[in-house]
Structures are given as C-alpha cells and as structure tokens.
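In what follows, a structure is listed as structure tokens, so that the remarks can point back to it.
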Number of protein chains: 2
Amino acid sequence: MTQPDPEDRHDSHSAASTVADDLARLILGEMTPGTSLPSEADLATRYDVSRLTIREAVKMLEGRGLLEIARGRKALVRAPDGSAFADFLTSVIRYDAKGLFDLIEVRLSLEVQSATLAARHSTRAGVAAIESALQGMREAADGAIDLPTDAVELRFHSFDVGFHEAIALASGNRVLGYLFEAMAQPLREGFYISRRGHERRGHTIQDTIDAHQRILDCIKDGNGRAAADAMRFHLKDTERDIRAALSGRPLRTE
Amino acid sequence: MTQPDPEDRHDSHSAASTVADDLARLILGEMTPGTSLPSEADLATRYDVSRLTIREAVKMLEGRGLLEIARGRKALVRAPDGSAFADFLTSVIRYDAKGLFDLIEVRLSLEVQSATLAARHSTRAGVAAIESALQGMREAADGAIDLPTDAVELRFHSFDVGFHEAIALASGNRVLGYLFEAMAQPLREGFYISRRGHERRGHTIQDTIDAHQRILDCIKDGNGRAAADAMRFHLKDTERDIRAALSGRPLRTE
DNA sequence: TCCTCCGAGATATCAGATACCTTTTAGTAA
DNA sequence: TTACTAAAAGGTATCTGATATCTCGGAGGA
C-alpha cells in the first residue's frame with residue numbers, strides 16, 4: 001500500500017520540475033546557507049533550457065523555502081526554517097474543524113518534550129530568555145489589570161508565545177524549535193482566542209502568569225519530569241479555554 | 001473580484017510574489033482540494049499582469065505544495081500532505097550531524113503519542129492495516145533468515161516503515177500522520193542503516209518482529225500506556241542500533 | 001449505443017526586449 | 001591619499017508574441 005515512492009512529489013516530465021529537483025538535490029546535498037546560485041543566464045546555458053524555465057524552477061524552490069530571491073542579486077541558499085510547513089498546517093486547520101484540536105494535541109506532546117529537555121540541559125542564556133519573556137508578560141499585564149485593551153492583549157499574547165518559543169529553543173533540539181515555529185503561526189489565532197475563554201471560565205491573567213512561573217521554576221530546578229507535568233497541565237488548561245471560547249461563538253466567520 | 005490595487009506594482013515584493021500570496025490566501029481560505037484554479041490567461045487579466053507573472057506565482061504555489069499542475073489542465077488545489085516539509089527536514093539533517101538524532105528524538109515523542117492514541121481509539125480497519133504490515137515483515141523475513149539479500153532487506157524495511165505509518169494513521173490525528181510522512185523520508189536512510197547495527201549488537205530479525213508484535217498487541221488491547229511503553233522501548237532500541245551502525249563506519253560519504 | 005477523431009482550450013517552452021535594482025569600479029574632488 | 005559620487009556592469013523582474021504539445025468534450029460515423 002504505502003510503497004516507498006521517492007518521486008511522487010512532481011511528475012518530473014516537465015523541464016522546469018526536472019531542473020528544480022536537480023537543483024534541490026544540489027542545494028540540499030552540497031551547498032551551505034548563504035551560498036549563491038549561478039545566475040539565471042548561466043544556469044540556462046548549463047541545463048540547455050531557456051531562461052524562463054530556469055526562472056520557474058527557481059521560483060518553485062523559493063516556494064519550497066530553499067532559496068531567497070531578491071531583485072538584482074543572485075539567488076541565495078536559505079537556512080532552514082519552519083515557514084515552509086506553516087501554510088500547510090494552516091490548510092489542515094481550515095479543511096477540517098477537528099484539525100485545530102489535532103494540532104493542539106500534537107503541540108502538547110512537543111511542548112511537553114521541550115520542557116523536559118529544557119529542564120535537563122538548558123544553558124544560562126536559555127533560561128534567561130525564558131525569564132525575560134515571562135517578565136514581558138508581567139509588564140504587559142500590569143498595564144491592563146482593570147481594562148485590558150486589544151493592544152495590551154496583543155502585547156501580552158506576543159510575550160506568551162515568546163515564552164513557549166524560548167522553551168523550545170532552550171531544549172537544545174533544533175527540530176523542536178523549527179516545528180514550534182511552524183505550528184505557532186497557524187495556532188496563534190486559536191491561542192489568542194483562548195484568552196476570552198480563560199475569562200469566561202473565571203480565571204485571571206495572574207493565573208496564566210502563575211502557570212508559566214511554575215513551568216519556569218521546574219526548568220530552573222532541572223526537574224524534567226516536573227517541568228513536563230507543569231507544561232502539560234498548562235496546555236490542557238489552555239485547550240479548555242479555547243473550547244470554552246469556541247463554544248460561545250463560532251471560529252472565524254471571515 | 002480581486003480588483004488589482006494600483007500600488008501593488010511598487011510593493012517591496014515582486015508582482016509574482018504578491019499574486020502568489022493572494023492566491024495562497026484564497027486557496028487556504030475558501031477553496032477545497034480538487035477545485036481548479038482559473039486558467040493562466042484568466043488570472044493574467046484579473047490581476048492585470050502578464051501570463052508569465054501568473055506562471056511564476058503558480059509555480060511558487062506548486063513548490064509550497066498547494067497546487068498540482070499538469071500540462072493541458074487547469075491547476076488543481078491539492079490536499080495537504082507532509083511532503084512540503086520533507087526536504088526542509090532533510091536539510092536539517094545534512095547541515096548538522098546532531099540533526100539526525102534531534103529528529104529521531106522528536107520522532108520518538110510523536111510515535112509514542114501515535115501509539116497511545118491508536119490504542120485508545122483505532123478502528124477495526126486501522127488495526128487491520130497495522131497487522132497487514134506486520135504480516136508483510138514476517139513474509140519478507142521468512143525468505144531471508146539465512147542469507148538476507150539487499151532486495152529482501154529493502155522489502156522488510158519497507159514494511160517496517162509501513163507498520164509505523166499505519167499506527168500514525170490509526171491514531172486518528174491527521175497532523176500526526178502528516179508529520180510522520182514528512183519525517184519518514186529523511187529518516188528512511190538512517191533506519192535502513194539501523195539493521196546493520198541491529199545485527200552487530202547480536203539481535204535478529206525475529207527480535208524486531210517480536211518488538212512490533214508487542215506494540216500491536218497493546219494497541220489491540222486498547223492499552224494506551226502499555227502501547228506507549230512498547231513503542232518507546234522499540235524506538236530507543238532502534239536508536240541504539242543506529243548509533244552502533246554509525247560508530248562502525250561514517251554515514252553517507254557521498 | 002459506443003467508439004473514434006478533431007478542434008478548442010490549456011499548459012510548456014522558447015526568443016527577444018525593456019526596466020529597474022545592486023554591486024563594483026573608475027573618476028573626481030578634498 | 002582618502003572619501004565621495006557617478007557611471008557601468010551584471011542581475012533579476014516583467015512584458016510581448018509565437019509555437020508545440022497535451023487534455024477533454026463533442027461531432028460524427030459504425
């Protein structure tokens with residue numbers, strides 16, 4: 001059934017796709033980020049196709065996140081980041097109402113692992129970054145206890161995301177960092193909405209800060225298991241917030 | 001619809017990127033897989049750019065995995081799959097020796113979760129798919145107990161991957177399935193190599209089959225925790241196999 | 001009714017030009 | 001000699017127009 005089908009991405013019988021795949025192999029195989037590709041005219045003579053075909057191939061690779069193209073400069077090989085995955089995950093969420101919660105479920109697993117790893121072997125700088133994000137949340141909240149405006153909420157939320165991202169980075173596992181980055185964008189809206197459910201369930205901003213503080217304390221203690229538990233508890237609670245917010249009114253009528 | 005903004009032309013981004021982003025928003029927002037895009041000529045008049053610009057935009061979206069393009073037919077909106085992420089993960093592995101083990105670490109976490117979820121709520125069809133893959137492993141092994149040829153090993157390995165993929169699918173969480181698919185390709189080589197380390201450590205193919213059987217049994221019992229433990233044990237063991245294989249001789253000289 | 005063939009429509013690719021941006025170089029003035 | 005500036009060189013962005021080839025639906029014949 002699921003036979004290894006190495007070439008199912010593109011039916012390589014178009015010239016542009018063939019060139020693109022060949023360049024991709026080259027880029028992934030033996031070029032480091034920052035290196036520049038030969039010029040379009042050069043590649044055109046090399047592959048014996050027109051410049052247009054080269055352009056299309058290069059545009060495909062730009063779409064795949066492998067190249068960075070700017071006018072007047074040669075194409076640069078790009079360092080990997082999660083953005084290539086982000087709009088894919090967005091589509092998962094949109095096509096399927098259950099997709100949002102599938103994604104949250106996966107994120108929980110990855111963040112719990114991040115917290116565990118961060119507790120076990122994070123550097124002083126890693127912990128400092130997490131602390132700084134939490135401090136930012138505090139300051140954003142201090143200006144908004146009575147009447148949180150949208151701008152303040154946005155600011156608070158942004159530090160909240162930064163807190164979780166700092167933990168993913170502090171895990172020392174780069175793949176976790178990339179995956180977090182890729183998931184953060186599609187989930188941003190959902191987690192922003194969660195604040196509404198948070199209030200509806202009778203919780204305050206201070207509760208949120210306390211939950212984050214507990215996670216940070218466990219990481220500073222180097223207690224991986226406790227950090228995992230604290231993170232799991234916090235995310236489960238956030239998930240309940242989102243469900244509460246969504247039960248009130250539907251997500252994204254647009 | 002989509003009346004062209006006059007200042008689009010002098011945006012910091014290129015016209016092709018602008019069109020691509022707009023189309024991406026459209027596709028992700030309100031088009032279902034299988035729907036076809038308007039023809040290139042149609043889009044060209046709509047956005048008031050040349051057909052070439054449309055082609056480049058469409059090629060970018062093909063690279064992002066959002067469209068499927070064939071000659072003579074309109075571009076089709078594509079259902080999401082993990083392939084958009086695969087070459088990104090490949091680059092992570094290549095750029096960094098630690099990347100391979102980072103990826104294995106993440107995979108462990110995701111597969112343990114898959115096993116848990118599969119045990120909790122898999123369908124009869126889902127279990128049947130897992131069983132079928134295991135049966136395939138058995139048959140491949142039966143023909144290769146004494147002298148496993150490369151072809152037989154490849155066959156066995158292919159069913160092995162199929163087993164894990166079936167579990168990811170049986171979890172009912174589609175994001176897990178996509179992530180597994182995206183990770184499978186870059187990891188395929190590593191796990192193929194693991195068989196060498198497996199033998200070096202004095203284990204047999206039967207041991208591998210037994211380990212998979214234990215995972216399957218737990219899933220059939222509906223025991224999520226036991227399935228997670230069995231999966232974790234198996235993957236930790238496989239990781240040791242890979243390390244043993246790599247310590248013998250370096251990976252991929254190419 | 002079913003099959004075959006053809007034309008309309010769609011993409012694939014080519015060639016040649018122009019516009020504009022970036023980097024480098026050469027020249028000029030301090 | 002140094003610093004600043006302007007032009008040239010090399011690159012990408014985009015357009016126009018044309019040809020080749022593929023897909024699909026409909027007309028027409030068996």
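For the helix from C:dT1-D:dA30 to C:dA30-D:dT1, the axis fitted to the five pairs at one end and the axis fitted to the five pairs at the other end meet at an angle of 0° (nearest 10 degrees).
Within the nucleic acid shown, B:Arg73 comes within 4.0 Å of sugar-phosphate atoms alone, with no base atom in reach, counting heavy atoms only.
Rounded to an integer number of Å, the gap from CZ of A:Arg55 to C1' of D:dC15 is 12 Å. Nucleotide D:dT14 holds its C1' atom 9 Å from the CZ atom of A:Arg51, rounded to whole Å. In this structure, B:Glu40 atom CD and D:dT21 atom C1' are separated by 14 Å, rounded to whole Å. Atom C1' of nucleotide D:dG11 and atom CG of A:Leu67 are separated by 15 Å, given to the nearest angstrom. Across the protein-nucleic acid pair, A:Ile54 atom CD1 and D:dG11 atom C1' stand 15 Å apart, rounded to whole Å. Spacing between atom CD of B:Glu68 and atom P of D:dT23 amounts to 13 Å, rounded to whole angstrom units. Between the CG atom of A:Leu43 and the C1' atom of D:dT12 there is a distance of 13 Å, given to the nearest Å. Rounded to whole angstrom, the span from the CG atom of B:Asp48 across to the P atom of D:dT14 amounts to 13 Å.
Of the candidates D:dA13, D:dT14, D:dC15, the closest approach to any side-chain atom of B:Val49 belongs to D:dC15.
In summary, contact between chain A and DNA chain C, defined as any nucleotide atom under 4.0 Å from a heavy atom of the protein, begins and ends at C:dT13 to C:dT23 in the 5' to 3' direction.
B:Ser109 and A:Ser109 share a side-chain donor-acceptor pair at under 3.5 Å.
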